[in-house]
Amino acid sequence: MQLESSERTSPMSEPTETALVRLEDVHLSFGQTQVLKGIDLTVNRGDAVSIIGPSGSGKSTILRCINALVQPQSGQITVGGTRVDQLTRETERIALRKRVGIVFQQYNLFPHLTVLDNIVLAPTRILGAERRATEVFARELLEKVRLSDKAKAYPGELSGGQQQRVAIARALAMKPELVLFDEVTSALDPETVGEVLWVIRDLIREGMTSILVTHEMRFAEEISDTVVFTENGRVVASGTPEQIFRGSDNSRIRQFVGGLSGGRSAARNGDALPDPMP
Ligand SMILES: Nc1ncnc2c1ncn2[C@@H]1O[C@H](COP(=O)(O)OP(=O)(O)OP(=O)(O)O)[C@@H](O)[C@H]1O
Ligand SMILES: [Mg+2]
């Protein structure tokens, strides 16, 4: 029996503990509409994976599955040992969401709370963390997102880019194992996009496991360990940034990447982009 189990662990198989997130043959429909048609995705601890692809291809739905905001009809989703597709109770889903941060295009800060209180709210209310220690941590996070001077400001007094950085700090305040970013710069004025990308870049360099849906092609190319191209509910290609952005022989990918790279994304996020917040 011993022999049999060691045979099963072929040298080619990945050690399971390095994969923090794994989707296997995930199918999801909304009513009659098939949205995910067999998604496979592996994200190792400490890696950054970008999901790119045309509108409606299922990118946001993949993130929502990982965070148990929607449940697939079939397939397996594992996050750090938890079978997300098998969670049946809302309490279990809430427990998962404490471990998986998500940042959306719309930052949805509480307008009547200061920046500091926005960050402190969830850890103290949901995790029951002690207020004073949480405030100290929140100030560290504000430093990380380069907003130390805005602790007492209200969201309405901040630019879109600053508010989005607060939203990132708010997600980090829960000390997540993983952060999902869904087009977090798409709604921003062009001049504030760079400062948000810088913050995300720093996080990834520090080893935060991240899955990003983005249209910022240069950024995805620079920071990703793996880039996944989705189309029509399927992963059409997955590989290194080099393979996807430079070496793909798939005409759809070339067309997609070429179309966006020539657009304003590239202009805003060029290789020579200086740090906007030195
Ligand atoms: N709650 C829902 N009910 C019905 N259909 C939905 C729902 N959410 C998403 N869809 C459909 O699922 C498909 C995939 O949507 P999804 O938001 O995942 O795409 P996307 O790749 O993130 O697109 P975009 O780039 O525009 O954000 C779309 O056709 C969308 O209309
Ligand atoms: Mg989307």
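When a ligand or atom number is given, it counts from 1 through the structure's own listing order.
Ligand 1 lies within reach of E183, whose nearest heavy atom is under 4.0 Å from it. Using a 4.0 Å cutoff on heavy atoms, P54 counts as a contact of ligand 1.
Shown here for Y107 and G160, the closest heavy-atom pair between the two residues is OH-CA, 3.3 Å. Across I211 and V43, no two heavy atoms sit closer than the pair CD1-CG2, 3.7 Å.
Among the atoms of V35, none of the N or O lies under 3.5 angstrom from an N or O of ligand 1. For a threshold of 3.5 Å applied to N or O pairs, the pair formed by H215 and ligand 1 contains no separation below that value. Considering backbone and side-chain atoms alike, G58 places an N or O below 3.5 Å from some N or O of ligand 1.
Remark: R83 CZ is packed, more than 12 non-hydrogen atoms of other residues, nucleotides or ligands lying under 6.0 Å away. Environment of CG in D149: crowded, with over 12 heavy atoms of neighbouring residues, nucleotides or ligands closer than 6.0 Å. In the displayed structure, R254 atom CZ is contacted under 6.0 Å by at most 12 heavy atoms of other residues, nucleotides or ligands.
At a distance under 4.0 Å, no protein heavy atom can be found next to atom 31 (O) of ligand 1.
Ranked by closest heavy atom to atom 24 (P) of ligand 1, the top entry among G53, S29, S55 is S55. Compare T61, I51, L28, L36 by their heavy atoms: the one nearest to atom 16 (P) of ligand 1 is in T61.
Using a 30° and 60° split on the angle between ring planes, F229 and F256 fall in the perpendicular class, above 60°.
Ion pairing between a basic and an acidic side chain is recognised when a charged N comes within 4.0 Å of a carboxylate O; E195 and R146 show no such pairing. Salt bridge status for E221 with R246: present, with a side-chain N to carboxylate O gap under 4.0 Å. Here E135 pairs with R131 in a salt bridge; the nearest charged N to carboxylate O distance falls below 4.0 Å.
Nearest non-hydrogen protein atom to atom 23 (O) of ligand 1 is G56 N, 2.8 Å. Distance from atom 25 (O) of ligand 1 to its nearest protein heavy atom, with residue and atom name: K59 NZ, 2.7 Å. The shortest contact between atom 17 (O) of ligand 1 and any protein heavy atom is with S60 CB, 3.7 Å. In terms of protein heavy atoms, atom 5 (N) of ligand 1 is closest to F30 CD1, 3.4 Å.
The Mg ion (ligand 2) has an N, O or S atom of S60 inside 2.8 Å of it.
Interface of S57 with ligand 1, defined as ligand atoms under 4.0 Å from a residue heavy atom, comprises 19 (O), 21 (O).
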